[in-house]
Amino acid sequence: AKNDYFEIKRNFTLNDSIYIGADVSVHNQTSIGDPPGDRTHIYVPTGKTVTGNFDANFSWSEHPNGIVDLPVFTHTEYDSLINIANAITGTSGNKYKGDYTINGGTFDLSGYENNTFFIKGKLTVKGANITGGTLGSPGIIVVTKDVKLQKRGSNQTFVYDNIILIGKKKIKIENNTQFGNDYSTLIPSLRPKTVNEIFAKRKVEIKKNAEVWAQIYSYDKIEQKGRVFGLVYTSSGFKFEKNSAYLEGALFVKSILKPESKFEKGA
C-alpha cells in the first residue's frame, strides 16, 4: 500500500477474510460481509489498524504472525518448458517456429506428444476451442512471445478445462473469451477439480467481458476487468478498478494499482 495506507471505497464489495499490509480505512457505505455474503475479517500487521462500520459480519484484528509476505511460487517447470520453446530451430511434431494463429474450429492438444504444443513466436486464438487435457494429463501450450485470446466475429474463444497456458511475455484474455468451464451454478464444495492455469513472465490482462476459471500467475502486473474464479498471484502490482471486475477465490499481490492502494470498484 502507498504510504502504508489502504482504502476500501463504497462502490466495492468484499466478502470473506483478507490480509492487507497497511492501515485500512473502509467507507461506511461499503458492502462488506453483508448477507448473503460471507462474514468478513480484515487482518493487518502488528501496529496497524482498521477503521469502518463494524458489525456482526465485519471485524478486524492484527494478524497472529505479525507481518505476512507473499508465499513463494516456484516456477522452475514453467521455465524449463519455455527454454524448450526458445530452442526450437524448425517446425516439426509438437514444435512450431514462427507466429501461430488458430482461426476458428477446435485445436486438440491430445494429438501432440505429452499433450503439449510449443511455439517459438506469438500465439493468436480467434473464436476457436482449445481442448485435449485431462486432470491427470493437462494440455499445455508454451509460447515465447505474446499470447492473445479473442473472439472472431460473434464466435467466442473457449478454452476447456485442464489446459495450461504458459507465456514468456504478455498474455491477453480479450472480450468474449471463456477460459475454463463455468461452474458458477454449483456451490464451491461441489465444483470439480481441474488443472486450469495461466502463467506469464510479463503482464496478464483480462478484459471486461472475459471469464477465467483458473490459477493466474504473473511476474509482472495483472490487470483484471472481467470475472475470475480461482487464484491471482503477482509479485508486482494488481489493477482492479472496473465495476465489471469480480474475483472469487484467492488474491496474492504486492500492491494495488490505479487507483493506488484502493479497492474502488468491483467485487
Side-chain angles (χ1 to χ4, degrees), residues 7-16 18 27 30-32 37 101-104 122-130 141 143 146-161 163 165 167 169-185 188 191 194 196-200 202-234 236-267:
E7 289 184 88
I8 303 177
K9 308 291 279 187
R10 65 182 179 181
N11 291 325
F12 193 83
T13 298
L14 176 65
N15 291 308
D16 214 344
I18 189 169
H27 193 282
T30 301
S31 176
I32 183 165
T101 299
I102 303 171
N103 204 345
K122 298 178 183 178
L123 170 63
T124 304
V125 182
K126 298 181 178 181
N129 297 323
I130 308 295
I141 301 178
V143 185
D146 291 347
V147 177
K148 183 183 292 186
L149 310 184
Q150 59 187 151
K151 68 178 182 178
R152 179 191 179 200
S154 61
N155 297 323
Q156 74 170 166
T157 285
F158 199 117
V159 181
Y160 284 79
D161 282 344
I163 302 295
L165 179 58
K169 295 190 177 179
K170 182 168 67 176
I171 295 178
K172 183 182 290 188
I173 313 295
E174 297 248 351
N175 292 338
N176 295 96
T177 295
Q178 178 80 28
F179 195 107
N181 296 343
D182 184 350
Y183 300 108
S184 58
T185 59
R191 294 171 185 171
T194 60
N196 303 349
E197 295 184 22
I198 297 170
F199 172 82
R202 295 190 181 174
K203 185 165 71 170
V204 175
E205 293 182 41
I206 301 163
K207 293 301 186 180
K208 180 178 178 181
N209 293 318
E211 183 167 296
V212 177
W213 287 73
Q215 299 181 67
I216 305 169
Y217 302 96
S218 171
Y219 272 76
D220 200 337
K221 301 176 182 69
I222 294 179
E223 178 184 292
Q224 181 188 333
K225 297 179 182 177
R227 293 165 60 84
V228 173
F229 297 78
L231 179 149
V232 173
Y233 179 110
T234 170
S236 183
F238 180 58
K239 186 176 178 181
F240 189 88
E241 62 171 334
K242 299 292 184 181
N243 287 327
S244 57
Y246 175 87
L247 172 63
E248 184 175 318
L251 176 64
F252 300 94
V253 300
K254 277 288 186 184
S255 61
I256 302 296
L257 306 173
K258 293 183 180 180
E260 292 188 11
S261 302
K262 294 178 184 179
F263 282 142
E264 188 169 64
K265 300 176 182 178

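This chain uses plain numbering: 1 for the first residue, then up along the sequence. Keep in mind the model is a prediction, meaning the values are calculated, not measured.
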Determine yes or no for a side-chain-to-main-chain donor-acceptor pair under 3.5 angstrom, with [X] supplying the side chain and [Y] the backbone.
{"X": "Ser218", "Y": "Asp220", "result": "yes"}
{"X": "Asn209", "Y": "Asn176", "result": "no"}
{"X": "Gln178", "Y": "Gly180", "result": "yes"}

Test salt bridge (charged side-chain N to carboxylate O under 4.0 Å, His left out) applied to [X] - qualifying residues, sequence neighbours left out:
{"X": "Lys9", "value": "Glu7"}
{"X": "Arg10", "value": "none"}
{"X": "Glu223", "value": "Lys207, Lys225, Lys239"}
{"X": "Lys221", "value": "none"}

Who passes ring-ring contact (aromatic ring centres under 6.0 Å, His included) against [X], sequence neighbours left out?
{"X": "Phe179", "answer": "none"}
{"X": "Phe12", "answer": "Phe240, Phe263"}
{"X": "Tyr219", "answer": "His75"}
{"X": "Tyr160", "answer": "Phe158"}

What's the spacing between [X] [atom1] and [Y] [atom2] if we round to 0.5 Å?
{"X": "Arg227", "Y": "Ser184", "atom1": "CZ", "atom2": "OG", "result": "6.5 Å"}
{"X": "Asn11", "Y": "Ser31", "atom1": "CG", "atom2": "OG", "result": "11.0 Å"}
{"X": "Asn15", "Y": "Glu248", "atom1": "CG", "atom2": "CD", "result": "10.0 Å"}
{"X": "Ile18", "Y": "Ile8", "atom1": "CD1", "atom2": "CD1", "result": "6.5 Å"}

Which residues pass the side chain to side chain contact (heavy atoms under 4.5 Å, CB included) test with Ile32, not counting sequence neighbours? Leu14, Val26, Thr30, Thr40, Ile42, Phe58
Side chain to side chain contact (heavy atoms under 4.5 Å, CB included) with Gln215: which residues, sequence neighbours excluded? Glu197, Tyr217, Leu231
For [X] versus [Y], what's the shortest heavy-atom pair and its separation?
{"X": "Thr157", "Y": "Gly127", "value": "OG1-N, 2.9 Å"}
{"X": "Asp146", "Y": "Lys169", "value": "OD1-CB, 3.2 Å"}
{"X": "Lys208", "Y": "Asn175", "value": "N-OD1, 3.3 Å"}
{"X": "Gly104", "Y": "Ala128", "value": "O-CB, 3.6 Å"}

Please tell me if the side chains of [X] and [Y] come closer than 4.5 Å, counting only heavy atoms from C-beta onward.
{"X": "Ile130", "Y": "Val125", "answer": "yes"}
{"X": "Val143", "Y": "Lys122", "answer": "no"}
{"X": "Gln150", "Y": "Thr124", "answer": "yes"}
{"X": "Tyr233", "Y": "Ile216", "answer": "no"}
{"X": "Ser236", "Y": "Lys203", "answer": "no"}
{"X": "Lys254", "Y": "Phe238", "answer": "no"}
{"X": "Val253", "Y": "Ile222", "answer": "no"}

Applying side-chain contact (heavy atoms from CB on, under 4.5 Å) to Thr177 and Ile206, what does each step give before you reach the verdict? CA-CA 9 Å; Thr177 295; Ile206 301 163; over 6 Å; no
Check the pair Val147, Leu165 against side-chain contact (heavy atoms from CB on, under 4.5 Å), reporting the backbone distance first and the verdict last. CA-CA 9 Å; Val147 177; Leu165 179 58; 3.9 Å; yes
Given Asn103 and Thr101, is the side chain to side chain donor-acceptor pair (under 3.5 Å) satisfied, shown in steps? CA-CA 6 Å; Asn103 204 345; Thr101 299; over 6 Å; no
Under the side chain to side chain donor-acceptor pair (under 3.5 Å) rule, collect the residues that match up with Arg202, sequence neighbours excluded. none
State which residues pass side chain to side chain donor-acceptor pair (under 3.5 Å) with Asn181; sequence neighbours excluded, sorted by chain then number. Asp161, Tyr183
Does the side-chain contact (heavy atoms from CB on, under 4.5 Å) test come out yes or no for Glu174 and Lys151, once each step is laid out? CA-CA 7 Å; Glu174 297 248 351; Lys151 68 178 182 178; over 6 Å; no
Verify side-chain contact (heavy atoms from CB on, under 4.5 Å) between Val159 and Leu149, making sure each step is shown before the conclusion. CA-CA 9 Å; Val159 181; Leu149 310 184; 4.0 Å; yes
Check Lys170 with Glu205, please: is the shortest side-chain N to carboxylate O separation under 4.0 Å? yes
